[in-house]
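Here is how names work: the chains are called A, B, and so on, in the same order as the sequence lines, proteins then strands, and each is numbered from 1. Remember, it's a predicted structure, so these values are computed and weren't measured experimentally.
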Protein chains: 2
Amino acid sequence: MAAASDTSTTVFRALADPTRRAVLEHLSRAPASVGELAQPFDMALPSFMQHLKVLEASGLVRSRKTGRVRTYRIAPAPLRDAEDWLARQRSVWERRLDQFDAYVTALQEDRP
Amino acid sequence: MAAASDTSTTVFRALADPTRRAVLEHLSRAPASVGELAQPFDMALPSFMQHLKVLEASGLVRSRKTGRVRTYRIAPAPLRDAEDWLARQRSVWERRLDQFDAYVTALQEDRP
DNA sequence: ACTATAGTTAGGTCAATACCTAAGTATAAG
DNA sequence: CTTATACTTAGGTATTGACCTAACTATAGT
């Protein structure tokens with residue numbers, strides 16, 4: 001199959017978990033250490049760190065260790081890629097749907 | 001953890017696979033039957049159908065059987081939700097990044 | 001030096017995912 | 001009525017994902 005490691009795949013995969021999305025939301029407000037990020041979650045630290053690794057492998061975040069503290073921060077580029085993919089797809093099919101609006105509406109109505 | 005079945009989770013999960021994204025691209029151009037959708041892929045039909053099930057469970061597509069042919073088509077709403085989540089996050093952190101641009105640039109430069 | 005803190009590594013369990021083959025059902029075509 | 005087509009169901013394997021506990025390393029504080 002297509003090498004399951006292209007950007008879209010790893011980014012969407014990273015986003016497909018509520019814990020990881022919550023981490024991103026936290027980081028979108030401010031950089032934070034592992035401990036700060038982990039604190040809201042009822043999860044063993046090693047388990048939580050796997051999520052951080054997935055996020056970092058996807059390129060959505062970056063980290064840096066200073067002394068014994070590792071600080072994470074957001075990296076916007078890959079997210080923009082994912083968003084672009086979605087926007088592109090959606091624009092194509094919404095143009096289509098406009099043309100066939102009545103037809104689609106009818107279809108949706110018989111699936112209540 | 002958060003019920004792993006909220007909309008964002010299932011939508012991102014559905015998008016986290018190249019086969020499924022290719023199916024969505026196909027469907028964004030036109031509705032299609034199972035056979036038409038499967039044809040480009042070197043995969044047993046039952047395996048392929050699992051992908052269609054994941055897509056339909058996520059709400060990204062809908063299907064309808066007429067005679068012995070099941071036709072799939074795109075359903076735009078959930079995609080828009082995912083896109084909104086991304087856009088919202090990104091706008092928050094890009095505002096932040098503007099403020100700290102020099103700092104972030106410096107950080108990125110020592111990770112070549 | 002000693003102890004606490006912050007994170008890391010090792011290794012194990014359990015469930016879910018992504019595949020497969022083989023055999024079935026329902027409709028259409030001859 | 002018979003056969004081909006279009007999907008569906010059943011059931012099996014192998015890998016990956018999400019979690020855990022226990023034990024370790026490195027730095028900071030006393």
Side-chain angles (χ1 to χ4, degrees), chain A residues 1-6 8-24 26-27 30-73, chain B residues 1-24 26-27 30-73 111:
Chain A
M1 211 82 312
S5 54
D6 60 293
S8 294
T9 296
T10 55
V11 168
F12 284 130
R13 205 166 189 314
L15 292 171
D17 180 284
T19 300
R20 291 193 289 261
R21 286 198 306 280
V23 168
L24 286 175
H26 185 151
L27 290 178
S33 67
V34 173
E36 286 165 351
L37 291 170
Q39 177 261 310
F41 300 98
D42 185 19
M43 190 184 294
L45 234 220
S47 313
F48 183 75
M49 283 189 36
Q50 281 190 353
H51 288 299
L52 294 179
K53 270 180 202 132
V54 171
L55 284 170
E56 191 154 23
S58 77
L60 286 166
V61 307
R62 290 180 172 205
S63 75
R64 220 199 188 177
K65 195 161 185 180
T66 306
R68 61 188 169 180
V69 175
R70 181 177 294 279
T71 301
Y72 280 86
R73 63 184 69 245
Chain B
M1 214 76 310
S5 53
D6 59 293
T7 304
S8 294
T9 296
T10 55
V11 168
F12 284 130
R13 208 174 183 311
L15 292 170
D17 180 284
T19 300
R20 292 192 290 261
R21 285 198 307 280
V23 167
L24 286 175
H26 185 151
L27 290 178
S33 68
V34 173
E36 286 164 350
L37 290 170
Q39 177 261 310
F41 299 98
D42 183 20
M43 192 185 293
L45 233 219
S47 313
F48 183 75
M49 282 188 40
Q50 281 189 354
H51 288 299
L52 294 179
K53 269 179 203 133
V54 170
L55 284 170
E56 191 154 23
S58 77
L60 286 166
V61 306
R62 291 180 171 205
S63 75
R64 218 198 189 177
K65 195 159 186 180
T66 305
R68 62 190 166 175
V69 175
R70 181 176 295 279
T71 301
Y72 281 87
R73 62 184 70 245
R111 295 207 139 215

- prompt: Between C:dC20 and B:Ser47, is there an OP1 or OP2 to side-chain N/O distance shorter than 4.0 Å?
  reply: yes
query: Quick one: is C:dC19 close enough that its OP1 or OP2 comes under 4.0 Å of any side-chain N or O from B:His51?
result: yes
query: Nearest 0.5 Å, what's the CG-CZ distance between B:Leu15 and B:Arg21?
result: 7.5 Å
message: I need the CZ-P distance between A:Arg70 and D:dT27, as an integer number of Å.
response: 12 Å
task: First locate atom CD of B:Glu56, then atom CE of B:Met49, and finally report the distance between them rounded to the nearest 0.5 Å.
output: 10.0 Å
- prompt: Quick one: is A:Arg13 getting a side-chain N or O under 4.0 Å of the D:dG17 phosphate, OP1 or OP2?
  reply: yes
Separation of atom CZ in A:Arg64 from atom C1' in C:dG7, rounded to whole Å: 18 Å
query: CG of B:Leu37 versus P of D:dA6: gap in Å, rounded?
result: 14 Å
- prompt: D:dA6 C1' sits how many Å from B:Leu45 CG, rounded?
  reply: 8 Å
Nearest-0.5 Å distance, CG of residue A:Leu27 to CD of residue A:Glu36: 10.0 Å
- prompt: Are any non-hydrogen side-chain atoms of A:His51 and A:Phe41 less than 4.5 angstrom apart?
  reply: no
Collect all protein-nucleotide pairs involving nucleotides 25-30 of chain C in which both atoms are nitrogen or oxygen and the distance is under 3.5 Å.
{"residue": "C:dT27", "atom": "O2", "partner": "B:Arg68", "partner atom": "NH1", "Å": "3.2"}
{"residue": "C:dA28", "atom": "O4'", "partner": "B:Arg68", "partner atom": "NH2", "Å": "3.4"}

query: Between C:dA6 atom C1' and A:Phe48 atom CZ, what is the distance in whole Å?
result: 14 Å
message: Could you tell me how far apart B:Arg20 (CZ) and C:dC19 (C1') are, to the nearest whole angstrom?
response: 12 Å
- prompt: Between B:Val34 and B:Phe48, what is the shortest heavy-atom contact and its length?
  reply: O-CE2, 4.0 Å
Please list, pair by pair, any protein nitrogen or oxygen found under 3.5 Å from a nitrogen or oxygen in nucleotides 9-15 of chain C.
none

Audit row: B:Leu52, B:Val61, side chain to side chain contact (heavy atoms under 4.5 Å, CB included) steps and yes/no: CA-CA 8 Å; B:Leu52 294 179; B:Val61 306; 5.9 Å; no
- line: One should read off an interatomic distance between B:Tyr72 OH and B:Leu24 CG, to the nearest 0.5 angstrom, of 12.0 Å
message: Between B:Arg20 and B:Gln50, is there a side-chain heavy-atom distance shorter than 4.5 Å?
response: no
query: Which whole-number value in Å describes the distance from A:Asp42 CG to D:dA18 P?
result: 17 Å
message: Once rounded to the nearest 0.5 Å, what's the spacing between atom CZ of A:Arg68 and atom OG of A:Ser33?
response: 11.5 Å
task: Go through D:dT8, D:dC20, C:dC19 for me and flag the one nearest to the A:Ala44 side chain.
output: D:dC20
message: Rounding to an integer number of Å, can you tell me how far B:Leu55 CG sits from C:dA18 C1'?
response: 14 Å
